[in-house]
Amino acid sequence: VSRQLKEEIRRGFARLEDPLAGLLAMLESSSDWKGKGHSLGYCITTELQLWIKAHPADPQSGTKLKKLQARVLGMLSQCPANLLDPLISIYQLHTADRNYLLEHVSHLYLQGNYKEAAMLSIKLKLQPDQDVEKMCTPLLLQDKANLVEEYVAEYPELQRKLLQTLDTWCEPSFNIRDIIRPYQGLSKCKPEKFNRRVLSKLIFRLLERFNVDPALCPNVINQRHLRTLNYLFYKRFVEKTMTEENWADHIQSTVGENRWLQGHLVQSLLRHCDARGAARWARHCRVPPEMLPQAVAEELQKLHIQDRLEEVPKVDNYEASKKKDYYQIPIPRENIHLLQTWEETLRCWEKVLQAGQVVGVDMEWKPSFGMVGKPRVALLQLALKDEVFLLDLTQLLEQAEAEGEKEKLPHFIQMLYSDAAIIKLGYGMSGDLSSLAATCSALKDTEKQMQGVVDLLAVDKQVDGLSPEHSHEERGVRQPEKGLSLLVQHVLGKPLDKTEQLSNWEKRPLREEQILYAASDAYCLLEIYERLCKDPESFGLGSDLTESLMGKQSKKPRAKKQLNKQEAPSPSGQEFQGPRMEPSRPPAPISPQEFSVVCDNMLQGLGRYLRCLGVDVRLLDNEDDHRKAAEIARQEGRVILTSGLPYQTLRSQVGEGRCFSVNCSQKAKEQALQVLKHFNVQVSLGDIFSRCQ
């Protein structure tokens, strides 16, 4: 707004006997203010707000102010969102009679103006006196979950009530149509988006955001556990990529003493085992005998009292017979050290924290199977040329806390990652560091401070001939290799044996198979690094890669490698991140036709908006797992657009800068502008609607 216009507006206020009544008269008689954006009405309103602060006058009489408040309330439901706060402030609506305000909002609600009723309630802080289920149900039917989150954001009791209500709707016997029926004529209603799967995702998002105890929502927790149960049966009996010990651990921790889940366990056992096998597993998982079908109960009676689970022959001998087909760590077993005391760990530090050292770093944690919260690292692996150290973080953190020396672990890790003279090798290091920060809050800034790191995930994307299909054809087995295992196969000749990947890494003692798997995962990074440094050309890598991989610091960060950074520099296979000497330049401009993305399923609105602008977009369906985005991104060279917790998981599965976190609380248009600006996508008139909608 020009200075001249502002001055004219202020002179006009000064001439008015009652500026508040004058503004209302102007707004009521003008059609301009009802438009979006910064209209003339908006400019005048905000200038009056500033003018009132600069010229405090005698307070309005009660009756006069009430009349003005009644008039302004009548127009709030029609005015643009950016006028709400100024008008509420100018006319002191927070001082109006609360019952009168509640009546007005109730009137809006009964007229079907649910969004406007909710927004006004938020602005006037009326939520504690309203029925949260009544206010939020029509908003959810209109796919306005973000507004629902905002509605309960400042009220823990309402958060709990809302979550309990949503969880009740997820009961298997509950008919969701009963909720939809009273709103049959609702405008912009999207009943197809109102189902248990969508509700379940919303509940988990709210549990995470508001840090509410998941026990408040038993129905969705049970459903999530049931999906985990089905997944575990698939991994063990169909895909056959999970060891019996791992499977038994996870089945037991998933089912516990939950009768409902025990019933589903028995049904799944009967589908995949004979009655005798089902009886053995039912006894192992302590399923009450009265829950078992007669045939299984009879077999249970025949079993000997002592637990003969270990004597049960494995469903297959895949693990034992195929060892020769997998990468084997080339150092003696006695050179793999499991460290569970600080005395042992101090000796490890002396060897690791030496200038010129090259260290393979990996971490393991118990799979969360989609439950609330970030995983906590249970094991930290550090591989040197002649030995591997496995730091039992669960034990070490407990010991440090008992001794009042919590800073021991973060101090060591920060020294390791910030030392440019020590080369740290990882694969998807950002994901590891995110989990490490969740384990120890003092490490949350480690990624910003690190120097001398090589993330082989970034190199992985440049290696010639590296694709799951390639691996599948060579091995002739059911499951193609992927990720680090595929890189190991391509560079070293054999893939990693990943059957221990989904172990319960928090259970002690660790099994021998877990120890060997953990050591191999870290040590193979050293061998890959050495091979790539010696002969990068044979893997289709440029000769300039040799210089960076051999540990020479790049004086200036390369602009193209800074393309999609959102926070601190992530580790890169192309260069070490030393101290930043100058800010990175923005990426070169590209057209929407050159920009290819895959949108996670919580960003379908953004995906459709970007497609309207000519961007090449693939959308995940509601039932798709977030990890599918990483598969599509790798196969088709797309950038992942996601939000919230999935970002931490997905960013470690694709190349640096190939995953972007979008603000989920914004509207699709604002999200699109954020994405276009970040990637420097230049939209022309000819791009709009250039793709099939």
Side-chain angles (χ1 to χ4, degrees), residues 243 245-250 252-254 256 329 331-354 357 359-369 371-384 386-417 422 424 426 429 431-444 446 498-523 525:
T243 64
E245 293 88 346
N246 284 343
W247 186 79
D249 281 350
H250 289 310
Q252 215 162 0
S253 64
T254 300
I329 189 168
I331 62 173
R333 171 63 181 85
E334 58 266 25
N335 289 11
I336 301 172
H337 314 290
L338 178 61
L339 311 181
Q340 296 182 299
T341 67
W342 282 105
E343 292 74 26
E344 297 169 324
T345 306
L346 286 170
R347 291 195 289 272
C348 156
W349 288 5
E350 291 171 5
K351 295 183 179 181
V352 172
L353 296 176
Q354 291 184 18
Q357 193 69 273
V359 187
V361 185
D362 193 35
M363 302 173 203
E364 306 295 345
W365 50 80
K366 181 182 177 181
S368 62
F369 297 115
M371 298 308 288
V372 176
K374 290 183 180 179
R376 293 170 58 85
V377 177
L379 198 70
L380 171 64
Q381 304 105 277
L382 302 173
L384 305 180
D386 298 315
E387 52 191 334
V388 179
F389 300 100
L390 310 179
L391 278 67
D392 187 343
L393 294 198
T394 307
Q395 299 276 355
L396 292 173
L397 286 171
E398 282 180 13
Q399 187 183 336
E401 189 162 354
E403 296 171 0
E405 295 182 296
K406 287 184 180 180
E407 73 286 348
K408 275 184 175 180
L409 178 71
H411 177 67
F412 165 61
I413 291 175
Q414 284 165 348
M415 285 177 66
L416 174 63
Y417 275 99
I422 301 173
K424 281 77 63 179
M429 204 175 278
D432 285 351
L433 291 176
S434 172
S435 295
L436 199 58
T439 309
C440 185
S441 58
L443 293 168
K444 65 179 185 299
T446 302
K498 303 297 282 185
T499 49
E500 293 293 336
Q501 185 177 30
L502 291 177
S503 292
N504 181 354
W505 292 98
E506 293 179 2
K507 186 177 180 182
R508 297 293 180 269
L510 291 172
R511 289 177 283 102
E512 182 66 12
E513 293 87 351
Q514 288 178 293
I515 290 172
L516 290 174
Y517 167 84
S520 298
D521 245 20
Y523 196 89
L525 301 171

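In this text, all values refer to a predicted model and were calculated from it rather than measured experimentally.
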Item to complete: May I ask you to test the Val359-Leu384 pair for a side-chain heavy-atom distance under 4.5 Å?
Response: yes
Fill in: Any side-chain heavy-atom pair of Asp521 and Glu364 under 4.5 Å
yes
Practice prompt. Measure the spacing between CG of Asn246 and CZ of Arg511 and express it to the nearest 0.5 Å.
Written response: 4.5 Å
Discussion item. Please find the pair of heavy atoms, one from Cys348 and one from Leu391, that lie closest to each other, and give the distance.
Written reply: SG-CD1, 4.2 Å
Fill in: ring pair (Phe, Tyr, Trp, His ring centres under 6.0 Å) against Trp365, all qualifying residues, sequence neighbours excluded
none
Worksheet item: Partners of Phe412 by ring pair (Phe, Tyr, Trp, His ring centres under 6.0 Å), sequence neighbours excluded?
Response: Trp349
Practice prompt. Tell me, yes or no, whether the heavy-atom count around Glu405 atom CD, taken from other residues, nucleotides or ligands under 6.0 Å, exceeds 12.
Written response: yes
Fill in: Test item: Leu380 and Leu396 side chains (from C-beta on) under 4.5 Å apart, heavy atoms
no
Worksheet entry | Qualifying salt bridge (Lys or Arg N to Asp or Glu O under 4.0 Å) pairs, either residue in residues 331-346, two or more places apart | Arg333-Glu512
Discussion item. Working note: Ile331 + Ile336, criterion side-chain contact (heavy atoms from CB on, under 4.5 Å); need CA distance, chi angles, decisive distance, verdict.
Written reply: CA-CA 8 Å; Ile331 62 173; Ile336 301 172; 4.2 Å; yes
Practice prompt. Report the distance from atom CG of Leu338 to atom CD of Gln381, rounding to the nearest 0.5 Å.
Written response: 10.5 Å
Practice prompt. State, to 0.1 Å, how close Pro367 and His250 come at their nearest heavy-atom pair, and which atoms those are.
Written response: CD-CE1, 3.7 Å
Worksheet entry | Partners meeting ring pair (Phe, Tyr, Trp, His ring centres under 6.0 Å) with Phe389 (sequence neighbours left out) | His337
Practice prompt. Check whether any side-chain heavy atom of Ile329 sits under 4.5 Å from a side-chain heavy atom of Val388, and report yes or no.
Written response: yes
Discussion item. Does any part of the side chain of Trp505, heavy atoms only, come nearer than 4.5 Å to the side chain of Leu510, both counted from C-beta?
Written reply: yes
Worksheet entry | Side-chain touch Tyr417/Val361, heavy atoms, less than 4.5 angstrom | yes
Worksheet item: Does the Lys424 side chain pair with the main chain of Leu416, one donor and one acceptor, at a distance under 3.5 Å?
Response: yes
Discussion item. Please report the interatomic distance CD(Glu500) to OG1(Thr243), rounded to the nearest 0.5 Å.
Written reply: 4.5 Å
Fill in: Nearest-0.5 Å distance that lies between atom CG in Leu382 and atom CE in Met363
8.5 Å
Worksheet item: How would you list, by chain and number, every residue that makes a side chain to side chain contact (heavy atoms under 4.5 Å, CB included) with Asp249, sequence neighbours excluded?
Response: Asn504, Lys507
Discussion item. Quick check: do Leu409 and Leu393 have side-chain heavy atoms less than 4.5 Å from each other?
Written reply: yes
Worksheet entry | Straight-line distance of Ser435 OG to Leu443 CG, nearest 0.5 Å | 12.0 Å
Fill in: Smallest separation among heavy atoms of Pro375 and Ala438, with atom names
O-CB, 3.9 Å
Item to complete: Answer whether the closest heavy-atom distance between the side chains of Asp362 and Asp432 falls below 4.5 Å.
Response: yes
Worksheet entry | Residues in side chain to side chain contact (heavy atoms under 4.5 Å, CB included) contact with Thr394, at least two apart in sequence or another chain | Ala378, Asp392, Glu398, Arg508
Worksheet, complete the sentence: Separation between CG (Leu379) and CG (Leu390), nearest 0.5 Å, reads 5.0 Å
Discussion item. Closer than 3.5 angstrom, by distance alone: can the side chain of Gln340 be matched with the main-chain N or O of Gln395 as a donor-acceptor pair?
Written reply: no
Worksheet, complete the sentence: All heavy atoms of Met415 vs all of Leu353, minimum pair found to be CE-CD1, 3.7 Å
